[in-house]
Amino acid sequence: MKSLVEKTKEHKVWLSVFAILFVLVSGIIVWLNQPNQVIAKKEIMTTTTQSTTKQTTNAVVSELESKLSNEVTAETNVAELEEKLSQVTDEKARNDLSQRINVLKEQVAVKVEEKKQSETQAQPTVQNTAQKSVVADEQPAPKPQPTDTPSPASKSTQQPVQAQRPVVTTQKVVTTTQQTTQKPYRVTPLGNSGMEFKTEEEAFNWAWQKYLKEPKPYFTFALFDSDGDVYGYSVEWRE
């Protein structure tokens, strides 16, 4: 029979062995799981980066959509839109926005040309008005007509004239005022689309729907009437 002291020592030895084995096994498990933790961390970082990039792209796309829906003018900044387009990482969205920006660029070019024509047409009118004003200022004042003064000799030879009763004839003057009012008519021919719209927005929306079905370049332009005012808008397809 083993004594109590020996049994106690034996239990202590086994406990020490079990403790050592537990520490070794735990260390092996931690060492084996370390690569998995690194991979998981990389996956989390990649997912977070992709999510942030997607949110940024969506924000840029929304901003471009908003600016493309605004009315096109000669002052529209196309370069700013192209700079924003470079931040879009989604290839499909980038291609779609790139096509719309190209169409917008052509429309801005047309607007710039119309503005130049309007300024060119307005310039001769200002010059003519200035020339008329200068000519009016340069015209000399009319010279006073000399008044005949009768000489003393002519006074003595004048015969008395019998006074005659003046005969006054009164004629009724009839003034006829003819008012002619002509309604302004369109002088600018329609585009090859054959369509006419009241506003530029209606023309652009109609052309954009056609473009989505059959992509081809186009631009909208203003139609002028006989008074020189904007009569409407039309669409021109580029072959």
Side-chain angles (χ1 to χ4, degrees), residues 46-129 184-239:
T46 302
T47 304
T48 304
T49 303
Q50 291 176 351
S51 177
T52 304
T53 304
K54 186 175 181 180
Q55 290 177 358
T56 304
T57 300
N58 292 338
V60 174
V61 170
S62 299
E63 184 178 355
L64 287 174
E65 290 282 353
S66 176
K67 291 185 177 181
L68 287 172
S69 62
N70 294 336
E71 184 178 359
V72 182
T73 62
E75 289 75 20
T76 301
N77 192 348
V78 181
E80 181 182 357
L81 299 179
E82 292 178 340
E83 183 180 356
K84 290 288 185 182
L85 181 63
S86 62
Q87 301 176 9
V88 178
T89 56
D90 189 354
E91 185 176 357
K92 183 178 179 180
R94 178 187 293 178
N95 293 335
D96 182 48
L97 291 171
S98 178
Q99 292 179 357
R100 295 182 62 181
I101 290 176
N102 290 335
V103 173
L104 179 67
K105 188 184 299 183
E106 295 179 357
Q107 294 176 349
V108 171
V110 173
K111 290 293 184 183
V112 172
E113 188 66 25
E114 290 178 357
K115 184 178 180 180
K116 289 181 180 178
Q117 292 179 358
S118 299
E119 293 176 351
T120 304
Q121 292 175 358
Q123 187 174 3
T125 304
V126 176
Q127 291 179 352
N128 293 336
T129 303
Y185 56 91
R186 175 174 56 81
V187 297
T188 306
L190 298 175
N192 55 15
S193 64
M195 299 296 294
E196 180 181 328
F197 303 92
K198 291 184 179 179
T199 64
E200 186 177 11
E201 184 177 0
E202 292 179 358
F204 177 79
N205 292 336
W206 179 85
W208 179 248
Q209 294 299 326
K210 295 291 184 183
Y211 177 83
L212 293 178
K213 296 179 181 179
E214 185 180 354
K216 58 181 179 179
Y218 70 91
F219 64 90
T220 60
F221 62 94
L223 304 173
F224 295 92
D225 59 17
S226 56
D227 291 341
D229 298 326
V230 177
Y231 186 84
Y233 295 87
S234 187
V235 178
E236 177 77 14
W237 298 106
R238 292 195 175 182
E239 303 298 336

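Residue numbers start at 1 and run along the sequence shown.
Between the Q107 side chain and the F219 main chain, no donor and acceptor come within less than 3.5 Å of each other. Remark: the backbone N or O of A222 is paired with a side-chain donor or acceptor of E114 at under 3.5 angstrom. Put simply, the side chain of S66 never gets that close to the backbone of S62: no donor and acceptor are under 3.5 Å apart. Formation of a donor-acceptor pair under 3.5 Å by the D227 side chain with backbone atoms of D229 is not found in this model. Without hydrogens or angle criteria, S234 side chain to G191 main chain gives a donor-acceptor distance under 3.5 Å. Checking side-chain atoms of T57 against main-chain N and O of D90 turns up no donor-acceptor pair under 3.5 Å.
The local environment of CD in E201 is sparse, with at most 12 non-hydrogen atoms from other residues, nucleotides or ligands closer than 6.0 Å. Heavy-atom contacts from other residues, nucleotides or ligands closer than 6.0 Å to NZ of K92 number 12 or fewer.
The two residues W237 and A207 make their nearest non-hydrogen contact at CH2-O, 3.7 Å. Between F224 and T188, the shortest heavy-atom distance links the atoms N-OG1, 3.0 Å. Contact between L97 and L64 at its shortest, heavy atoms only, is CD1-CD1, 3.7 Å. Across every non-hydrogen atom of Y231 and P184, the tightest pair is CE1-O, 4.3 Å.
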S193/W206 under side-chain contact (heavy atoms from CB on, under 4.5 Å): CA gap, chis, key distance, verdict: CA-CA 11 Å; S193 64; W206 179 85; 4.0 Å; yes
Working for side-chain contact (heavy atoms from CB on, under 4.5 Å), residues L104 and T76: CA-CA 9 Å; L104 179 67; T76 301; 4.3 Å; yes
From CA spacing to verdict: side-chain contact (heavy atoms from CB on, under 4.5 Å), K210, K216: CA-CA 9 Å; K210 295 291 184 183; K216 58 181 179 179; over 6 Å; no
side-chain contact (heavy atoms from CB on, under 4.5 Å) between M195 and V235, intermediate numbers included: CA-CA 7 Å; M195 299 296 294; V235 178; 5.6 Å; no
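Rounding to the nearest 0.5 Å places NZ of K84 at 11.0 Å from CG of N77. Between the OG1 atom in T120 and the NZ atom in K116 there is a gap of 9.0 Å [rounded to 0.5 Å]. Distance check: F221 CZ to E236 CD gives 5.5 Å after rounding to the nearest 0.5 Å.
Residues E196 and R186 meet the side-chain proximity criterion, which asks for heavy atoms closer than 4.5 Å. When side chains are defined from C-beta on, K111 does not count as touching T73, because their heavy atoms never get closer than 4.5 Å. A heavy-atom distance below 4.5 Å is found between the side chains of E75 and K115.
Using bins of under 30°, 30° to 60° and over 60° for the plane-to-plane angle, the ring pair F204/W208 lands in the parallel bin.
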